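Below, all heavy atoms of this structure are taken into account, side chains as well, without hydrogens, waters or symmetry copies. None of these values were measured; they are calculated from a predicted model. If you read the sequence from its start, that first residue is 1, and numbering goes on from there.
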Amino acid sequence: MGCVAAGGGEGRHVEQGARTRNRATPDPFGRFCLNVSTHLRAPLGRFGPLGSRHNHDDVSTPRLLLFARPGFRASLRGIVAVAAFYATLAIASPNVHAPFDIQAGQLGQALVSTMPLVAALVAAYAVLRPWPAFLVILLLTPCWDAAQVSWLVAPVWEVGTVQVILQTVFVVALALGLLLGDAGALNMAASREPTRAASPQVSAAPAPAPARVRVGRFASHRIGWIATIAVLFLATLSTMRSPDIESSMTVLMHGIFEPVAMGILLLIMARSRRRLALVLIVLGLSVALGGAINMIQSIPAFGSLSVLQAKRLLFSRLTYFNVGLFGEMLAMAAPLILGAIAARRQLRLGRFAVSVLMIALVVSAAALFLTFSKSAYLATAGGIVTFMLLLATNWRRRASIMLVSVALSAFVIPWPALVLQVSPTLEGAYRTTMVKMVGASRYYSWDPAKLSGRGSLVERLLATEAAVRMAADHPILGIGLDQFKSEYVGGYKTSQAHLALDSAHTFWPEVAAELGIPALILVALIFASAMLALWRIYRAPPDETTRLLALTLLASLVAWLLVATAFAGDMYRPWRNMSSDFVMMAVLTAAAFALSRVMVGQRQLAAANSGAVEREPAAG
C-alpha cells in the first residue's frame with residue numbers, strides 16, 4: 001500500500017479500474033481471465049514518472065514505463081500482428097496437403113490455394129481485434145479444414161514430433177491479442193446491456209422472476225470450470241504415461257487443449273447475451289457453409305443418388321474428413337439455426353439475415369440427408385424435438401410435437417417394418433421406398449443379421465465392450481490418448497470381432513478407456529453442470545431473449561450427447577488435420593457457462609442497484 005501511495009497516479013488508476021471491473025464481474029474465474037493483463041501492467045504503473053522517488057540510474061524504469069503506455073502497447077500489437085501474418089503465411093503455404101483419397105474439385109482447389117493467405121490475414125487480425133477475428137475463425141472453419149494445413153515441429157523435449165495445425169495458430173494469435181489489448185474494453189459488451197433493475201422504464205413494470213442460478217460457491221458454471229481444469233490435469237498425466245507419447249500428445253493438443261482454449265476465449269470475450277447469440281448464429285452458418293462446400297464437391301463428382309449412397313463416406317472428406325463428424329456438427333447446428341430464426345425479433349435481425357438463416361437451414365437439411373448417417377439422423381431429430389418441446393408453451397402442443405416426431409421417425413428408424421409384417425404387401429412397399437431413399441446398405445444396417453448391420457452394430461458393440469474392459473484394467477489414467485486400436489488388436493479384440501476399429505464408437509467408454517474413470521466422471525460433470533445451468537435459466541428467465549438462448553443451447557447439447565453416445569467423434573487423429581467437431585462442442589459448452597455467468601452478474605448487479613436506490617432517501 002505504501003508503494004502505491006508513494007507512486008504516481010497511473011498505478012492507482014490501474015488498480016481502481018481493476019476493482020471497478022471486479023465489481024461488475026462477480027465470478028473469480030471471470031475476474032482472472034478479464035484482468036490478467038491489467039494486473040500484469042499494474043506494477044508497471046507504480047513506477048510513476050521519472051524524477052519522482054525512483055532512482056534515475058535504473059535503466060529498467062523507463063523501459064517499464066514505455067511498456068505501460070497505451071501508445072506503445074498499440075505499436076507492439078501492430079508489430080506482433082505483422083509477425084503473426086508472416087509466420088502464419090510461412091507455416092501454411094508450404095504445408096498444405098491434398099484431401100485424403102479424393103480429388104478436389106475447382107472449389108476445393110480454390111480454397112486450398114487461397115486459404116494460406118486468408119489464414120495469415122485472420123491471424124494478424126486476431127492480434128489486433130480478437131473478438132471479430134474469433135467469429136471469422138469459427139465461420140470459416142470448413143475452409144480452414146479444406147486446406148489441410150499440418151506442420152511437424154521436431155524434436156520437442158521428450159515428446160518427439162509435435163504437429164501444428166491452423167487451429168493452433170489461431171489460438172495463439174487470439175491469446176496474444178487479448179494479452180496485448182485493453183482489458184477494460186472486454187467489459188464494453190456487458191456494460192452496454194443494462195439489467196432490468198437498472199432501467200427506470202422497465203422497473204416500473206412487474207419484472208419476471210430472475211433466473212435461479214446459484215450465486216454461491218457451488219454455482220453450476222464454477223463447477224464446470226473446476227472439472228475442466230481437473231480433466232486437463234488428468235489428460236496430461238495420462239499422456240505422460242502413454243506408451244506412445246508423441247501420438248497421445250498430438251491428440252491432447254488438438255483434441256482437448258485447443259478446444260478448451262477456444263471455450264476459454266469465448267468466456268473472456270462474450271460477456272453479453274447478444275455476443276453469445278452472435279456466436280451461435282456464426283456456428284450454425286459455418287456448418288451450413290461446410291454443407292454447401294460438400295455438396296458442390298460431391299454431387300457433380302458422384303452424379304447420382306445411388307453413387308452418393310455407395311460413397312457416402314467420401315461426402316465430407318474435403319471439409320470434415322469423416323461423414324460421421326460432419327453429422328455431429330449438423331446435429332449441433334440444427335437447433336442453433338432454428339433458435340436464431342425463432343429469436344429474430346428479440347435479436348432485431350433484418351430480412352437479409354433471416355433469409356440467410358433460412359437458406360442455411362435448407363442447405364443443412366439437404367447435407368444431413370446426404371450423410372446417410374443413422375447417428376446424425378437420430379441426434380438431429382433429438383435436438384430439434386428437444387428445441388420444439390422447450391419452445392412450446394403448453395402440454396397440448398408438446399403432445400402434438402411428440403406424435404409428429406414418432407411419425408417422422410419412420411424415415412430414420414425402420415420400425416414400421418416390424419409393425420407391417422402382418423401385411424407383406426405394405427411391408428414390401430415401405431422397404432422399397434426406404435431403400436430408394438437411403439440405399440440398401442443403410443436400410444439393412446439396422447439389422448445385425450445382415451452384413452452392413454454387423455459392421456454398423458455388432459462390431460461397434462464389441463469395441464464398446466472392449467473399451468469397458470480397458471477402463472477396468474486401467475481405471476486411473478487409462479491406456480492413453482489414441483491408443484485404443486493398438487490395445488484392441490493387441491489383446492482385447494475377441495474372436496467374434498473382424499474389424500480393427502480405432503475407437504469404441506461411443507464417447508463415454510472411449511473416455512474411460514483412454515483417460516480413466518476419474519476423467520469420465522469429470523467430463524460427465526461438465527456436461528451435467530452446463531445443462532443444469534441452462535435448465536435453471538430456461539425455467540425462470542428474466543426475458544424472452546434469455547429463454548430462447550437457454551433452450552437453444554440446451555437442445556444443441558442434447559444433440560451432441562446423443563450423437564456422441566451413438567457414434568463418438570474421435571477427439572483427434574493426426575491424419576485429419578482438423579478438430580472442428582470438438583471445437584464446436586467446447587464452444588457451445590462454454591457458451592452455456594457464459595450465459596449462466598451473465599445471469600449471475602445481472603442478479604448481483606440488480607441487487608446492488610436496488611440497495612443503492614433504497615439508501616438514497618436516507619442519505620438525503
Spell out, as yes or no, whether a donor-acceptor pair under 3.5 Å connects the side chain of [X] to the backbone of [Y].
X: Arg275; Y: Met269; value: yes
X: Thr141; Y: Leu138; value: yes
X: Ser286; Y: Leu139; value: yes
X: Arg77; Y: Leu180; value: yes
X: Ser316; Y: Asn322; value: yes
X: Ser375; Y: Val563; value: no
X: Thr506; Y: Thr565; value: yes
X: Arg597; Y: Leu267; value: yes
X: Ser579; Y: His254; value: yes
X: Ser247; Y: Asp244; value: no

Min side-chain heavy-atom separation [X]-[Y] under 4.5 Å:
X: Val172; Y: Leu176; value: yes
X: Leu520; Y: Leu515; value: no
X: Leu289; Y: Cys143; value: yes
X: Asp502; Y: Phe484; value: no
X: Leu336; Y: Leu588; value: yes
X: Phe507; Y: Val523; value: yes
X: Val127; Y: Phe85; value: no
X: Val279; Y: Leu266; value: yes

For the student: nearest non-hydrogen atoms of [X] and [Y], plus distance:
X: Leu325; Y: Asp581; value: CD2-OD2, 3.4 Å
X: Val282; Y: Leu135; value: CG1-O, 3.4 Å
X: Ile256; Y: Ala235; value: CD1-CB, 4.0 Å
X: Ile337; Y: Ser364; value: CD1-OG, 3.7 Å
X: Thr552; Y: Pro335; value: CG2-O, 3.3 Å
X: Val164; Y: Thr168; value: CG1-CB, 4.0 Å

Open item on the list: Over 60° means perpendicular and under 30° means parallel, so tell me whether Phe593 and Trp225 are parallel, tilted or perpendicular.
Closed with: perpendicular
Open item on the list: If you apply the rule side chain to side chain contact (heavy atoms under 4.5 Å, CB included), what do you find for Phe326 with Phe315, and how did you get there?
Closed with: CA-CA 9 Å; Phe326 182 41; Phe315 175 64; 3.6 Å; yes
From [atom1] ([X]) to [atom2] ([Y]), nearest 0.5 Å:
X: Met253; Y: Leu481; atom1: CE; atom2: CG; result: 13.0 Å
X: Arg460; Y: Leu501; atom1: CZ; atom2: CG; result: 8.0 Å
X: Leu313; Y: Thr371; atom1: CG; atom2: OG1; result: 10.5 Å
X: Ile526; Y: Thr228; atom1: CD1; atom2: OG1; result: 3.5 Å
X: Leu179; Y: Leu174; atom1: CG; atom2: CG; result: 11.0 Å
X: Glu258; Y: Leu166; atom1: CD; atom2: CG; result: 10.5 Å

Between [X] and [Y]: side-chain donor-acceptor atoms closer than 3.5 Å:
X: Ser238; Y: Glu514; result: no
X: Ser248; Y: Asp482; result: no
X: Asn95; Y: Ser150; result: no
X: Gln483; Y: Tyr488; result: no
X: Tyr320; Y: Asn294; result: no

Task: Row check, Phe321 ring normal vs Arg317 NZ/CZ: under 6.0 Å, within 45° - done: yes
Does [X], at its [atom1] atom, have more than 12 non-hydrogen atoms belonging to other residues, nucleotides or ligands within less than 6.0 Å?
X: Gln496; atom1: CD; answer: no
X: Arg469; atom1: CZ; answer: yes
X: Lys493; atom1: NZ; answer: yes

Open item on the list: Using the side chain to side chain contact (heavy atoms under 4.5 Å, CB included) definition, which of the options Gln148, Arg573, Gln167 pairs with Met578?
Closed with: Gln148
Open item on the list: Which residue is it: Val112, Asp145, Ile293? I am looking for the one with a side chain to side chain contact (heavy atoms under 4.5 Å, CB included) to Leu318.
Closed with: Ile293
Open item on the list: With side chain to side chain contact (heavy atoms under 4.5 Å, CB included) as the criterion, how do Leu152 and Val162 come out once you've worked through the C-alpha distance, each side chain's angles and the decisive distance to 0.1 Å?
Closed with: CA-CA 6 Å; Leu152 299 179; Val162 173; over 6 Å; no
Open item on the list: Walk me through whether Met262 and Phe582 qualify under side chain to side chain contact (heavy atoms under 4.5 Å, CB included).
Closed with: CA-CA 10 Å; Met262 291 294 287; Phe582 267 63; over 6 Å; no
- [ ] Go through the steps to decide whether Tyr572 and Leu252 satisfy the test side chain to side chain contact (heavy atoms under 4.5 Å, CB included), and finish with yes or no.
- [x] CA-CA 8 Å; Tyr572 184 75; Leu252 178 68; over 6 Å; no
